[in-house]
Every structure is written in structure tokens, then in C-alpha cells.
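Starting from 1, each residue takes its place in the sequence as its number.
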Amino acid sequence: MAIQYVAYAGWSVVIKRVPEALGSYLLVGGVIMLLVFLLPIIFTGHNTLMHWTDHALTEVGNPKYDPIIAGKSGFLNVPFYTIRMIAYFTLWFLFFKWLRKESLAEDLNGGLNHYNKSIRLGATFLVIFGVTSSMSAWDWVMSIDTHWFSTMFGWYVFASWWVSGLAAITLTVIFLKQNGYLKMVTSNHLHDLGKFVFGFSIFWTYIWFSQFMLYWYANIPEEAIYFIERLGGNNNHYTWIFFFNLFINFAFPFLVLMTRDAKRQMLVLKIVCIAILIGHWFDFYMMIMPGTMRAESGFGLIEIGTALTFLGIFLVRYTKELTKASLVPVNHPFLEESVHHHV
């Protein structure tokens with residue numbers, strides 16, 4: 001939404017209520033993440049998912065002492081980590097509420113005041129998100145493999161978030177359209193959404209390859225271990241997911257959405273978007289499980305059930321937010337441009 005405002009985009013106006021509603025889950029997601037992190041520390045002293053929370057690793061003279069983790073303790077410590085997590089979700093949720101508030105007020109009052117204010121909010125948010133998205137990726141994902149580092153990791157996680165968000169938006173627009181809503185949406189709007197999904201699937205692959213290739217080429221043991229754990233070694237059950245990840249997140253959307261007609265067909269877009277959402281779930285599985293469960297991880301009913309549970313919670317919040325306002329922003333200054341959009 002922020003990008004659309006800052007770019008003075010007109011084509012996306014008729015679908016803008018869909019990405020607007022996505023942010024409603026942030027509050028619930030933030031509370032859940034905070035509890036998952038803090039409760040084990042409160043009851044056991046440390047969180048086994050984030051092994052750096054074990055105080056023994058930073059105590060000089062302790063048999064478990066780890067000089068690398070101790071060197072990072074100024075950044076990776078429980079109080080500062082908790083403050084950062086609260087700050088990320090608070091900032092994101094506040095900007096979601098502010099943009100949503102201005103959008104709904106625009107429906108009532110019209111004029112350009114709310115639109116201009118949304119542009120300023122969007123520009124501010126993009127700067128804040130540029131910093132906090134990378135930092136949250138370091139905190140929530142890269143700190144699992146504390147000894148490893150990558151200067152591209154923040155961009156890599158962002159690319160996964162971004163293309164997943166685009167897929168969720170596109171999928172929602174299609175479902176609403178097929179159920180008699182969003183009647184102003186045409187194949188031209190779907191075409192633009194398809195181009196976004198197509199383009200940023202390639203962007204994710206570019207980041208993936210750039211990160212992998214540099215570590216493969218240097219072949220420094222303490223760096224290459226991250227990929228060795230995911231490609232073989234003692235954890236051979238990750239190998240098929242590693243290559244499946246590339247196929248479903250790059251090869252499949254790239255080949256299927258390459259033509260103009262494919263980007264304008266709801267069935268094709270629906271299949272590709274579902275595949276991307278599944279694929280990037282596997283992407284995060286590959287980022288998280290080898291560093292936490294090592295060879296003990298599996299893939300079965302527990303993983304599927306957990307994913308479906310969170311999907312259900314998300315959909316309840318998301319659909320409720322969609323019902324709170326008209327799906328057509330009736331007083332948006334670019335509404336007519338969006339209605340007559342043609343590519």
C-alpha cells in the first residue's frame with residue numbers, strides 16, 4: 001500500500017482494500033511470537049529455538065562458553081531482543097492503522113487531504129520498513145544459526161515475504177471476483193498483479209542465487225556449513241526440499257506466467273499463487289528447521305496441522321477486516337483511472 005501511494009499509482013485503487021486488510025493480523029501475530037519467545041525463557045531460563053539465550057554460552061570459564069556468541073551478546077540478548085520485537089510489531093501495526101484510518105476517512109470526506117496524508121505516511125513507513133524488515137530477519141531467522149552470517153539475508157527474507165504477500169493479494173482478489181465482488185476488477189488488473197508475482201519470483205531467485213553462489217565459490221567451512229546442512233551431510237532428508245524450493249518458487253511461476261495470456265487468466269494465477277504460498281512456507285522451513293532440529297526434524301501431520309491452524313487464525317482476522325469497509329474506495333482521486341485501466 002505504501003508503495004502504491006508513493007508511486008502515485010492509479011491502477012491498483014479498485015483492489016486497494018485487499019492489501020489494506022492484510023495488516024489486521026499483525027497484532028495477533030506479534031502477541032503469538034512474543035509468547036513463543038518469552039514463555040520458555042520464563043519457565044526454563046532459555047529458549048531452545050534461540051540457543052543463544054542460554055546464559056552459559058556467554059559466561060567466561062563456563063564449559064559451554066562460545067566466544068562467537070559472546071561477541072554478539074551486545075545485540076543478541078533477551079532484553080534488547082524483546083524490545084526490538086515489540087518495536088517492530090508496534091511500528092508496523094501503527095502504520096497499518098494510520099493508513100487504514102486515512103483510507104476510510106477518505107470514503108466519508110472525499111477531497112485530497114487524506115490522500116496526501118497517506119502519501120506522507122507511506123513514504124515514512126517505507127524508510128522504517130527498509131530498516132526493520134532486515135533487522136527482524138536477522139533476529140527471527142538468522143540468529144537461529146548464530147555462527148553463520150550473510151550480508152544478503154535481510155533482502156532474501158524480504159523477497160520471500162514480499163512475493164508471498166503479492167500472491168496472497170492476487171489470490172484474494174480472484175476469490176472475491178469469482179464470488180461476485182470487485183466487479184470493477186478486470187483482466188487488466190489481474191495482468192498487473194501477475195506481472196508483480198512473476199517479477200518478484202525472479203527477484204527472490206536472484207537473491208537466492210547471489211547468496212548461494214558467493215558461499216559456494218569461496219567454500220570457507222564456517223560459511224559453507226549453512227548450505228551443507230541443507231544439501232546433505234547428516235541431514236539428507238532436507239535435500240529434496242532444497243531443490244523442491246527452487247522448483248516451486250522459481251521454475252514453476254517463471255514458466256507458467258511467462259506469457260501475457262497466462263497473467264490474465266484467473267485459474268492460472270490461482271494455481272501459481274497457491275504454489276508460491278506453499279513454496280515459501282517450505283522456504284522458511286529450510287531456513288529454520290536445520291538450525292533448530294538438525295537431523296531430528298520431520299515433515300508430517302504436526303507441521304501441516306500447525307500451518308493450517310495459523311492459516312485459520314489469519315483468515316479469520318483478514319476476512320473480518322475486509323467486511324468492515326466497502327471494497328470500493330468510492331472517493332479515491334484515482335478511482336476512475338483504475339476503473340478504466342488498460343494494459
Side-chain angles (χ1 to χ4, degrees), residues 1-2 22-60 62 64-101 120-162 164-165 226 283-284 287-289 291-293 306 310 313-314 317 321:
M1 280 309 306
L22 277 169
S24 61
Y25 179 73
L26 281 169
L27 184 62
V28 176
V31 170
I32 292 172
M33 281 193 66
L34 200 60
L35 291 175
V36 167
F37 176 68
L38 287 178
L39 286 179
I41 295 172
I42 292 169
F43 290 108
T44 66
H46 73 282
N47 189 320
T48 53
L49 290 174
M50 304 291 183
H51 66 285
W52 52 264
T53 56
D54 187 348
H55 295 294
L57 297 171
T58 57
E59 292 174 0
V60 178
N62 193 297
K64 291 184 177 181
Y65 178 74
D66 188 316
I68 295 176
I69 295 177
K72 297 181 179 182
S73 61
F75 186 78
L76 290 179
N77 60 78
V78 173
F80 190 29
Y81 184 95
T82 305
I83 291 168
R84 291 198 303 273
M85 185 186 289
I86 293 170
Y88 301 150
F89 279 107
T90 301
L91 285 167
W92 297 345
F93 189 71
L94 282 176
F95 274 95
F96 153 69
K97 294 296 285 186
W98 288 333
L99 282 168
R100 180 72 162 165
K101 179 183 174 183
R120 292 193 293 272
L121 283 169
T124 306
F125 174 73
L126 288 177
V127 174
I128 291 172
F129 188 72
V131 176
T132 56
S133 62
S134 286
M135 291 183 67
S136 60
W138 305 336
D139 285 352
W140 301 339
V141 189
M142 193 160 68
S143 71
I144 290 170
D145 295 271
T146 321
H147 286 193
W148 186 75
F149 62 92
S150 167
T151 55
M152 301 189 74
F153 197 81
W155 281 103
Y156 179 74
V157 172
F158 163 76
S160 190
W161 281 352
W162 178 223
S164 298
Y226 183 87
D283 187 23
F284 275 92
M287 284 188 255
I288 291 166
M289 295 302 281
T292 53
M293 299 297 292
T306 304
F310 278 97
I313 297 169
F314 165 76
R317 290 287 297 179
E321 192 69 25

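Within the 3.5 Å criterion, the main-chain N or O of H46 finds no donor-acceptor partner in the side chain of D54. The backbone N or O of V157 lies less than 3.5 Å from no partner atom in the side chain of S160, so there is not a single donor-acceptor pair. Distance alone, capped at 3.5 Å, is enough to place a donor-acceptor pair between the T292 side chain and the M289 backbone. Here the side chain of T146 pairs no donor or acceptor atom with the backbone of I69 at under 3.5 angstrom.
Between V28 and Y25 the shortest side-chain heavy-atom distance falls below 4.5 Å. A heavy-atom distance below 4.5 Å is found between the side chains of S143 and W52. In this structure the side chain of V78 reaches within 4.5 angstrom of the side chain of F37, judged on heavy atoms. No side-chain heavy atom of F158 sits under 4.5 Å from any side-chain heavy atom of S134. Contact check for F149 versus I68: no side-chain heavy atoms found under the 4.5 Å cut-off.
The CG atom of L38 lies 11.0 Å from the CZ atom of F43; values are rounded to the nearest 0.5 Å. Here the NZ atom belonging to K72 is positioned 12.5 Å from the CG atom belonging to L57, to the nearest 0.5 angstrom. Atom CG of residue L121 and atom NZ of residue K101 lie 10.0 Å apart, to the nearest 0.5 angstrom. I86 CD1 to L91 CG: the interatomic distance, rounded to the nearest 0.5 Å, is 11.5 Å. To the nearest 0.5 Å, atom CE of residue M287 and atom OH of residue Y226 are 6.5 Å apart. With values rounded to the nearest 0.5 angstrom, L76 atom CG is found 9.0 Å from M142 atom CE.
Of all heavy-atom pairs between F125 and A2, the closest is CD2-CB, 3.9 Å. Residues S136 and S133 come closest through the heavy atom pair OG-O, 2.9 Å. Counting all heavy atoms, side chain and backbone alike, Y88 lies closest to D139 at OH-OD2, 2.9 Å. L99 and G122 make their closest contact through CD2-N, 4.4 Å (heavy atoms, listed as atom of the first residue, atom of the second, distance). Considering every non-hydrogen atom in both S73 and T58, the closest pair reads CB-CG2, 4.0 Å.
Aromatic ring centroids of F95 and W98 lie under 6.0 Å apart.
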**OP:** Step by step, work out the side-chain contact (heavy atoms from CB on, under 4.5 Å) result for I41 and M50.
**Re:** CA-CA 10 Å; I41 295 172; M50 304 291 183; over 6 Å; no

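When the options F153, F284, F89 are evaluated for a ring-ring contact (aromatic ring centres under 6.0 Å, His included) with W140, the one that passes is F89.
Cation-pi check for R84 over F80 is met; the charged atom lies under 6.0 angstrom from the ring centroid and within 45 degrees of its normal.
Judged by distance alone, the side chains of W92 and T132 do bring a donor and an acceptor atom under 3.5 Å apart. Side-chain N/O atoms of N62 and H55 include no donor and acceptor closer than 3.5 Å.
The local environment of CH2 in W155 is sparse, with at most 12 non-hydrogen atoms from other residues, nucleotides or ligands closer than 6.0 Å. Crowding of F75 atom CZ: a count of heavy atoms from other residues, nucleotides or ligands under 6.0 Å exceeding 12. Open room surrounds CZ on F310; 12 or fewer heavy atoms of other groups in view lie less than 6.0 Å from it.
Judged as a salt bridge (charged side-chain N to carboxylate O under 4.0 Å, His left out), and not counting sequence neighbours, the contacts of R100 are E20, E321.
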